[in-house]
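Down below is the structure, laid out as structure tokens.
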Amino acid sequence: MSEKMTAVFTVNLDGECFWSGMFEGTEKRPKTLSMGDYGVKRGLDRVLKTFHDHEITGTFFVPGLIAKKHPAEIEKILNAGHELAFHGHTHRPMHTLSKDEIEEEFAVGTEILTRISGKRPTGFRAPEGEVTKEAFEAAVRHGYTYSSSLYDDDMPYWHRNLSGELLEIPLNWNIHDFPYFAFNYGPAFPIGQSRVASYERVTENYVEEFDAYLHYGLTYVPQFTPQSIGSPGKIQILEKVLEHMELYRDQIQICTCSEICRTK
């Protein structure tokens, strides 16, 4: 067993952009958009408080449109000492965009995050849906040094065959809350409609993966989405995961995505 593992707690504050980016016509669906708005209005504060209580500094991936619409919430994230990273501008899946549209996503979203925070973001996470080589190349052109978008490893690695250096900090669907809990009738999400998951079992999934990552000395990168994890009941999942982690704090290096990138 490795003496130290790395844990990187990440948050996707995509708000209503998740729904508007994934489905056409949602601007006429206030009930659908309200689920995303809940994450900004209510869920974010619960996530920030839980991180504060457990002395966790994380990385928050935010679309440009959400940052523009909710600058006070971005200020809360920054004042708490967390890293701000890029999650697209409109949150449209990048495989549906032309090369010029991808360039615009990076240019406009990066400018908004930089202007609001006073600091240029160094990392990005592709919105839900597929990502493309054109998106990775755009990230390099805009000065990004890492991506956290793919699911093909348990440890960070450098992308190959790009015009510049870009570190990938890979993910694991089993430790992402949104696929367990996101639900909407119309537009149907998920299409098969069979969800929501057991809170207890989801907690166990996060904990069991943590124990395995600790055993093998891997890089644990959970994802949390305020519109799902931030409800009064589900925030307890995050709390219980962090309480379990406290038992092994001396064996864990907790850092942000940008801190990982600086050590590689």
Side-chain angles (χ1 to χ4, degrees), residues 6-18 21 36-37 39-52 54-92 94 104-128 131 135-136 138-149 156 166-169 171 176-178 221-227 229-230 238 254-264:
T6 302
V8 189
F9 287 84
T10 68
V11 176
N12 301 321
L13 186 66
D14 38 33
E16 62 269 32
C17 277
F18 172 83
D37 200 34
V40 180
K41 291 168 60 177
R42 293 293 187 185
L44 175 62
D45 284 345
R46 292 191 178 107
V47 171
L48 289 172
K49 181 182 185 304
T50 303
F51 279 175
H52 176 268
H54 292 270
E55 299 181 346
I56 297 295
T57 301
T59 299
F60 284 66
F61 293 89
V62 184
L65 278 179
I66 294 298
K68 182 178 180 179
K69 185 176 180 180
H70 303 283
E73 279 63 41
I74 302 305
E75 186 175 355
K76 289 180 184 178
I77 293 169
L78 296 172
N79 287 344
H82 301 293
E83 177 189 5
L84 183 66
F86 177 63
H87 197 33
H89 175 54
T90 62
H91 200 279
R92 288 179 294 171
M94 290 188 172
E104 183 178 14
E105 285 280 307
F106 274 88
V108 176
T110 301
E111 188 277 328
I112 290 173
L113 293 184
T114 302
R115 173 165 42 83
I116 291 175
S117 69
K119 182 179 180 181
R120 191 176 184 86
T122 61
F124 90 100
R125 174 170 289 163
E128 278 70 16
V131 66
F136 291 127
V140 171
R141 286 196 301 275
H142 285 272
Y144 285 94
T145 56
Y146 75 83
S147 157
S148 185
S149 305
L166 189 69
L167 184 73
E168 183 66 34
I169 303 173
L171 304 165
H176 184 183
D177 63 327
F178 205 63
V221 191
Q223 298 181 72
F224 298 100
T225 311
Q227 63 181 281
I229 202 69
L238 177 56
I254 300 173
C255 57
T256 64
C257 288
S258 61
E259 287 171 338
I260 284 185
C261 192
R262 288 196 292 269
T263 65
K264 298 297 178 181

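Side-chain atoms are counted along with the backbone in the values below, which use heavy atoms only and exclude waters and symmetry mates. It should be emphasised that the depicted structure is a prediction, and the values quoted were computed from it without experimental measurement.
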Who passes salt bridge (Lys or Arg N to Asp or Glu O under 4.0 Å) against [X], sequence neighbours left out?
X    : answer
K119 : none
R262 : none
R115 : E111

Out of curiosity, [X] [atom1] to [Y] [atom2], how far, rounded to the nearest 0.5 Å?
X    : Y    : atom1 : atom2 : result
T122 : L84  : OG1   : CG    : 10.0 Å
N12  : T225 : CG    : OG1   : 5.0 Å
I112 : L65  : CD1   : CG    : 6.0 Å
L167 : S258 : CG    : OG    : 11.0 Å

Which heavy-atom pair separates [X] from [Y] by the least distance, and what is that distance?
X    : Y    : answer
V8   : P222 : O-CD, 3.2 Å
P226 : G39  : CB-O, 3.4 Å
S117 : L78  : CB-CD1, 3.5 Å
V62  : A67  : CG1-N, 3.9 Å
I66  : L13  : CG2-O, 3.9 Å
G123 : A85  : O-CB, 3.4 Å

Original post:
Under the side chain to side chain donor-acceptor pair (under 3.5 Å) test, which residues partner K76, sequence neighbours left out?
Top reply: D45
**OP:** Using ring pair (Phe, Tyr, Trp, His ring centres under 6.0 Å) as the criterion, list what pairs up with F224, not counting sequence neighbours.
**Re:** Y206
Original post:
With sequence neighbours left out, what residues match F60 under ring pair (Phe, Tyr, Trp, His ring centres under 6.0 Å)?
Top reply: H82
Subject >> Member of T57, I77, L238 meeting the side-chain contact (heavy atoms from CB on, under 4.5 Å) criterion with F51 >> reply: L238
Subject >> P127 and its side-chain contact (heavy atoms from CB on, under 4.5 Å) partner, picked from R92, M94, E105, H89 >> reply: M94
Minimum side-chain heavy-atom gap [X]-[Y] below 4.5 Å:
X    : Y    : answer
E75  : H70  : no
E83  : E259 : no
S148 : L171 : yes
D177 : Q227 : no
T110 : F124 : no
I260 : C255 : yes

**OP:** Applying side-chain hydrogen bond (donor to acceptor under 3.5 Å, both in side chains), run through R125 and T10 and close with a yes or a no.
**Re:** CA-CA 10 Å; R125 174 170 289 163; T10 68; 3.1 Å; yes
Original post:
Using the ring of each side chain (for Trp, its six-membered ring), is H87 parallel, tilted or perpendicular to H91, with breaks at 30° and 60°?
Top reply: perpendicular
**OP:** For the residue pair F61 and Y146, categorise the inter-ring angle as parallel (less than 30°), tilted (30 to 60°) or perpendicular (more than 60°).
**Re:** perpendicular
Original post:
Under the 3.5 angstrom rule, does the side chain of S149 hit a backbone N or O of A126 as a donor-acceptor pair?
Top reply: yes
